[in-house]
Amino acid sequence: MASIMNNIMIASFILWALYTECLSVRFKVSSIPSVSVALGSDVVLPCTLTPEKNGEEMEIRWFKKIYQPYAHLYMNGKDDYTAQMPQFANRTELLKENITRGIFPLKIHKVTAQDSGEYHCYVESSHHHSMAAVQLQVTAVGTVPVISSITDGAVSCESRDWHPKPSLSWTDNEGNKINSSMMKVLRDENNLYYIISIIQQPSASNITCTVSNSINHSNDSRQIRGLEHSQTSRNTHSRVYVIGAGIILIFFGCICFLLRSLGDIWDKHGDLQRKYEALLATQPKPANGTPHTEASYSPV
């Protein structure tokens, strides 16, 4: 009986030792839910082991949608760029100052709109592996909206270089919403957004076009105020027509003046020609019958 109890105790001790050893090699990878960064800036994506463990001999892989190609890879004690995504070439850096404590964030230089999305920090040792995710939000506040009169009855508003996707709204001078007759949002080759909207010109003397996105809605919307009613546009057109007509009249007046001056000069030329011919007729003819004139100069 004593031997049986002794065997049970030995087995329990071995199982406990294996369990504690198993716990010693296990770890959890953690990060934060999301990080926001302005377009063109540098960003750091956190990644930490709990409990603290030395990560120098582990595989640390940062990737987006698929395991490979990756955003960055640390393996066998060094960085490996052989299968890195082309968009991250020369722009990623695994910060290793605290890698012995299980802290190894990824730094991305000069972020682009294309860098937005979910990133996975995958860590693997010889006995265990774990992974965490973090969302990167790249923000860009677009250009100041431009309001233009398309016709006497329609007005457009457009803005470009936004990220994430923007929205556009119209209001009159009393803050009432104006419904858009056309709205389009397009994405360019740099993954930045362009938005345009058209409305029928309201009777309000002033209208406002506001462009914003989900991240910059409260602080970074752009507004244009003071677009006059279409009557102002018509008055402006009328002034342009009057000025244009005046310029045309002045131009034709100058042409007429030049033609009249040329006519006077031509008449005077004809008079001089006739006087010259009459003068020639009074001159004596030489022996060969050819009329001629002579001029002499005597110094005083």
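- Interatomic distance, OG1 of Thr82 versus CG of Leu73, reported as 7.0 Å (0.5 Å rounding).
- Cluster annotation: Tyr194 is not connected to Val211 through the hydrophobic network of ILVMFWY side chains, with a link wherever side-chain heavy atoms come within less than 4.5 Å.
- To the nearest 0.5 Å, the span separating CZ on Arg160 from CG on Asn190 amounts to 12.0 Å.
- A single hydrophobic cluster is not seen to contain both Met58 and Met75; linkage of ILVMFWY side chains at heavy-atom distances under 4.5 Å, directly or through other members, places them apart.
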- For Phe104 and Lys96, run side chain to side chain contact (heavy atoms under 4.5 Å, CB included): C-alpha distance rounded to whole Å, both residues' side-chain angles, the deciding distance at 0.1 Å, then the answer. CA-CA 6 Å; Phe104 29 75; Lys96 308 179 186 69; over 6 Å; no
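- Contact annotation: the side chain of Ile178 approaches that of Asp172 to within less than 4.5 Å [non-hydrogen atoms, C-beta and beyond].
- Taking all atoms of both residues into account, the shortest heavy-atom contact from Ser197 to Leu168 is CB-CD2, 3.5 Å.
- Atoms OG1 and CD, from Thr151 and Gln200 in turn, are 7.0 Å apart once rounded to the nearest 0.5 Å.
- No more than 12 heavy-atom neighbours from other residues, nucleotides or ligands sit within 6.0 angstrom of CD on Glu57.
- In the hydrophobic cluster analysis, where Ile, Leu, Val, Met, Phe, Trp and Tyr join through side-chain heavy atoms closer than 4.5 angstrom, Tyr122 is grouped apart from Phe88.
- Dense packing is recorded around CG of Asn176, with more than 12 heavy atoms of other residues, nucleotides or ligands lying under 6.0 Å away.
- Val123 and Leu95 fall into different hydrophobic clusters, where Ile, Leu, Val, Met, Phe, Trp and Tyr side chains are chained together by heavy-atom contacts under 4.5 Å.
- Shortest non-hydrogen contact noted between Leu39 and Ala113 is CD1-N, 3.4 Å.
- Between the side chain of Tyr70 and the backbone N or O of Ala83, at least one donor-acceptor pair lies under 3.5 Å.
- Trp170 has its side chain out of reach of Thr208: every pair of non-hydrogen atoms, C-beta onward, lies at least 4.5 Å apart.
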- side chain to side chain contact (heavy atoms under 4.5 Å, CB included) assessment of Lys78 paired with Asp80: CA-CA 6 Å; Lys78 61 181 180 180; Asp80 186 342; over 6 Å; no
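- A donor-acceptor pair under 3.5 Å links the side-chain atoms of Ser159 to the main chain of Thr143, judged by distance alone.
- When all heavy atoms of Leu192 and His163 are compared, the closest pair comes out as CD2-CB, 3.9 Å.
- Annotation: the span from Asp188 atom CG to Asp161 atom CG amounts to 6.5 Å, rounded to 0.5 Å.
- Between Tyr119 and Gly117, the closest heavy-atom pair is CD1-O, 3.5 Å.
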Less than 3.5 Å apart, which donor and acceptor atoms pair up between the side chains of residues 62-69 and the rest of the protein, not counting sequence neighbours?
unit_1: Lys64; atom_1: NZ; unit_2: Gln114; atom_2: O; d: 3.3
unit_1: Lys64; atom_1: NZ; unit_2: Asp115; atom_2: O; d: 3.4
unit_1: Lys64; atom_1: NZ; unit_2: Ser116; atom_2: O; d: 2.9
unit_1: Tyr67; atom_1: OH; unit_2: Glu59; atom_2: OE2; d: 3.0
unit_1: Tyr67; atom_1: OH; unit_2: Arg61; atom_2: NE; d: 3.1
unit_1: Tyr67; atom_1: OH; unit_2: Arg61; atom_2: NH2; d: 3.4
unit_1: Gln68; atom_1: OE1; unit_2: Arg61; atom_2: NH1; d: 3.4

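- Pro164 and Ser214 make their closest contact through CG-OG, 3.9 Å (heavy atoms, listed as atom of the first residue, atom of the second, distance).
- Using modelled atom types and a 3.5 Å distance limit, the side chains of Asp79 and His72 yield a donor-acceptor pair.
- Cluster annotation: Leu94 is connected to Val43 through the hydrophobic network of ILVMFWY side chains, with a link wherever side-chain heavy atoms come within less than 4.5 Å.
- Side-chain N/O atoms of Gln84 and Thr92 include a donor and acceptor closer than 3.5 Å.
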- Message: Applying side chain to side chain contact (heavy atoms under 4.5 Å, CB included) to Tyr74 and Glu56, what does each step give before you reach the verdict?
- Response: CA-CA 9 Å; Tyr74 174 86; Glu56 289 180 309; 4.3 Å; yes
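- Counting only distance, with no hydrogens or angles, the side chain of Ser130 and the backbone of Val29 share a donor-acceptor pair below 3.5 Å.
- Residue pairs meeting the disulfide (SG to SG under 2.5 Å) criterion with at least one member in residues 100-205, sequence neighbours excluded, are Cys47-Cys121, Cys157-Cys209.
- Under the side-chain contact (heavy atoms from CB on, under 4.5 Å) test applied with Ile108, the options Val44, Val35, Asp42, Leu45 reduce to a single match, Leu45.
- Met183 contributes atom CE, which lies 10.5 Å from atom CD1 of Ile198 (distance to the nearest 0.5 angstrom).
- Atom NE2 of His128 sits about 10.5 Å away from atom NZ of Lys28, to the nearest 0.5 Å.
- When all heavy atoms are compared, the tightest approach of Gly55 to Ile60 is O-CD1, 4.0 Å.
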